[in-house]
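Just below is one structure, and these are the notes that go with it.
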Number of protein chains: 2
Amino acid sequence: MSTPDPATARPPLRRDAQRNRDRILEAARRIFREQGASAPVEEIARGAEVGMGTLYRHFPTKDALIDAIAVARFAEMVEAGEEAVTNDNAAEGLEGLLRVVLEMQIIDRGFRDALSAVTGLKGGEAIELRDQLRGHMTSLLRRAQAAGQYRDDLNGDDISALIWSTGRIVERAGDDAERLATRFQTVHLDGFRTATPSTLTA
Amino acid sequence: MSTPDPATARPPLRRDAQRNRDRILEAARRIFREQGASAPVEEIARGAEVGMGTLYRHFPTKDALIDAIAVARFAEMVEAGEEAVTNDNAAEGLEGLLRVVLEMQIIDRGFRDALSAVTGLKGGEAIELRDQLRGHMTSLLRRAQAAGQYRDDLNGDDISALIWSTGRIVERAGDDAERLATRFQTVHLDGFRTATPSTLTA
DNA sequence: TACCAAACGGAGGCCTGGCTCCGAATAAAC
DNA sequence: GTTTATTCGGAGCCAGGCCTCCGTTTGGTA
């Protein structure tokens with residue numbers, strides 16, 4: 001995997017090309033973090049002190065650039081997920097992991113957007129990692145249910161819904177997103193714990 | 001209020017103008033319901049079989065048109081709110097009301113967008129109605145807390161957050177929005193009921 | 001019927017944002 | 001130092017969407 005496949009291997013980049021590629025990634029990281037995935041591409045080119053043509057030669061499309069940036073963040077989350085599953089207390093592990101993801105959604109608008117993107121990024125590396133993360137969460141959920149910590153009628157979709165909605169809360173909150181989103185997530189997780197689900201369920 | 005104020009009173013619309021105004025409103029209702037507030041104005045003009053100029057003479061801005069449509073829906077919701085507050089069981093009243101609002105968010109994309117609009121519609125009539133609705137909900141919440149049905153650390157913002165996030169769930173769900181959003185709302189409301197809030201709250 | 005204020009309609013202005021094209025500049029090989 | 005393939009850069013193209021301008025049409029009235 002890290003061994004260059006001679007069929008795919010490309011000649012090393014020219015020095016200026018490599019330098020520009022790095023500057024583009026650096027600028028994209030910063031600008032997507034601050035402004036989200038809707039930041040204009042031109043802003044990134046300017047931030048990298050590079051022309052549009054240069055940017056588009058390195059990344060053929062805006063989505064490709066977003067994906068390239070998102071991968072690093074998603075990899076961090078997967079790592080956190082791998083650690084979380086080692087927790088003997090499954091509910092604790094899951095809730096800690098959800099907190100890490102929430103924290104990142106607050107810090108990094110680009111991550112929030114990438115995490116929430118239903119469409120786009122199709123077939124990207126980031127999607128694969130996101131699914132791995134989901135896998136870890138689902139496995140924790142199942143264990144928590146088996147241990148009687150969470151009600152039985154929950155599944156992976158309920159976790160996804162929680163993450164998604166928490167992201168939207170952050171989006172709306174501006175300042176004290178931290179407080180509001182944490183509060184929201186906590187209340188919802190209390191709903192997960194309810195021993196006897198509400199009879200109002202349709 | 002219904003008596004025409006001579007200072008504000010306008011001469012009655014010419015017959016063609018009145019007809020076109022009605023057609024615009026009708027088309028806008030349909031198209032906003034189906035496509036949401038982001039539907040292009042041109043689509044509405046076409047649907048009403050009217051030129052852009054005509055549309056903009058009747059409604060000076062897209063937001064004004066959205067507001068005009070939203071008012072009717074919001075009024076319905078306020079009415080539902082007035083009925084809900086008569087319920088002796090406050091929690092039941094609130095949850096029924098939330099269900100009505102959710103139902104409307106599923107049926108009408110335009111309503112969902114208007115309800116969720118943080119900015120825009122500034123000073124519009126719709127905003128006033130939305131705040132009335134919030135008032136009813138807050139009063140129900142307080143009563144439910146006094147009756148020991150809901151935990152004490154909740155306030156109107158928690159209701160707003162729930163409505164907002166439910167809307168976002170609907171947005172993402174496509175088909176079976178009904179099922180997913182209902183489920184989500186139910187779980188969250190179970191969190192409202194929790195007697196002893198989670199110790200994981202930061 | 002003849003007049004004219006009111007209303008009509010849609011082409012076009014303007015802006016934003018993704019993406020492309022191609023002459024100029026330059027790193028690397030000889 | 002010359003050559004050449006690679007890379008650079010940014011003006012400009014295109015699409016979508018809000019809104020305006022103004023020549024044309026029409027409803028109401030004398």
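Every chain is numbered from 1, with letters handed out A, B, ... down the list of sequences.
- In terms of phosphate contacts, B:T61 brings no side-chain nitrogen or oxygen within less than 4.0 Å of OP1 or OP2 of D:dC18.
- Among the atoms of the strands shown, only primed sugar atoms or phosphate atoms (P, OP1, OP2) are found under 4.0 Å from some heavy atom of B:L13.
- At C:dA7, none of the side-chain N or O atoms of B:N20 fall inside 4.0 Å of OP1 or OP2 (strictly under the cut-off).
- The CG-P distance, from A:L55 to C:dT20, rounds to 12 Å in whole Å.
- The aromatic rings of A:Y150 and A:F192 sit perpendicular to each other, their planes meeting at more than 60°, with 30° as the lower class boundary.
- For C:dG9, one of the phosphate oxygens OP1 or OP2 lies less than 4.0 angstrom from a side-chain nitrogen or oxygen of B:T54.
- In the displayed structure, B:D152 atom CG is contacted under 6.0 Å by more than 12 heavy atoms of other residues, nucleotides or ligands.
- Between B:Y56 and D:dC19 there is a side-chain polar atom (N or O) within less than 4.0 angstrom of OP1 or OP2.
- Here the nucleotide nearest the side chain of A:P40, chosen from C:dG17, D:dC8, C:dC8, is C:dG17.
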Donor-acceptor pairs under 3.5 Å, side chain of residues 68-89 of chain A to any protein atom, not counting sequence neighbours: which ones?
{"unit_1": "A:R73", "atom_1": "NE", "unit_2": "A:D108", "atom_2": "OD2", "d": "2.8"}
{"unit_1": "A:R73", "atom_1": "NH1", "unit_2": "A:E76", "atom_2": "OE2", "d": "3.2"}
{"unit_1": "A:R73", "atom_1": "NH2", "unit_2": "A:D108", "atom_2": "OD2", "d": "3.3"}
{"unit_1": "A:T86", "atom_1": "OG1", "unit_2": "A:E83", "atom_2": "O", "d": "2.5"}
{"unit_1": "A:N87", "atom_1": "OD1", "unit_2": "A:N89", "atom_2": "N", "d": "2.8"}
{"unit_1": "A:N89", "atom_1": "OD1", "unit_2": "A:A91", "atom_2": "N", "d": "3.3"}
{"unit_1": "A:N89", "atom_1": "OD1", "unit_2": "A:E92", "atom_2": "N", "d": "3.1"}
{"unit_1": "A:N89", "atom_1": "OD1", "unit_2": "A:Q149", "atom_2": "NE2", "d": "2.7"}

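- In the displayed structure, B:E26 atom CD is contacted under 6.0 Å by at most 12 heavy atoms of other residues, nucleotides or ligands.
- Applying the 6.0 Å contact sphere to CD of A:E42 captures no more than 12 heavy atoms from other residues, nucleotides or ligands.
- Summarising the geometry, the separation between CZ on A:R19 and P on C:dA28 is reported as 11 Å, rounded to the nearest angstrom.
- The distance from atom CZ of A:R57 to atom C1' of C:dC22 is 11 Å, rounded to the nearest whole Å.
- One can place CD of A:E42 at 13 Å from P of C:dC19, the figure rounded to the nearest angstrom.
- Both A:D16 and B:R15 lie close to DNA chain D; mapped to their nearest nucleotides by heavy-atom distance, the more 5′-ward contact belongs to A:D16.
- Rounded to whole Å, atom P of D:dG16 lies 14 Å from atom CD of B:Q35.
- With rounding to the nearest 0.5 Å, the separation of CG in B:L141 from CD1 in B:I159 is 4.5 Å.
- Note: CD1 (A:I44) to P (D:dG9) measures 16 Å, nearest angstrom.
- Here the nucleotide nearest the side chain of B:V50, chosen from C:dG9, D:dG27, D:dC8, is C:dG9.
- At the heavy-atom level, B:R14 lies under 4.0 Å from base atoms of the strands shown.
- Taking only side-chain atoms of A:H58, from C-beta outward, the nucleotide of C:dC19, C:dC8, D:dC8 with the closest atom is D:dC8.
- Across the protein-nucleic acid pair, A:M52 atom CE and C:dA24 atom P stand 21 Å apart, rounded to whole Å.
- Comparing the start and finish of the helix from C:dT1-D:dA30 to C:dC30-D:dG1, five pairs each, the helix axis swings through 20°, to the nearest 10 degrees.
- Counting to the nearest Å, the C1' atom of D:dT26 and the CD atom of B:Q18 are 16 Å from each other.
- Looking at B:R172 and A:S116, their side chains never bring a donor and an acceptor atom within 3.5 Å of each other.
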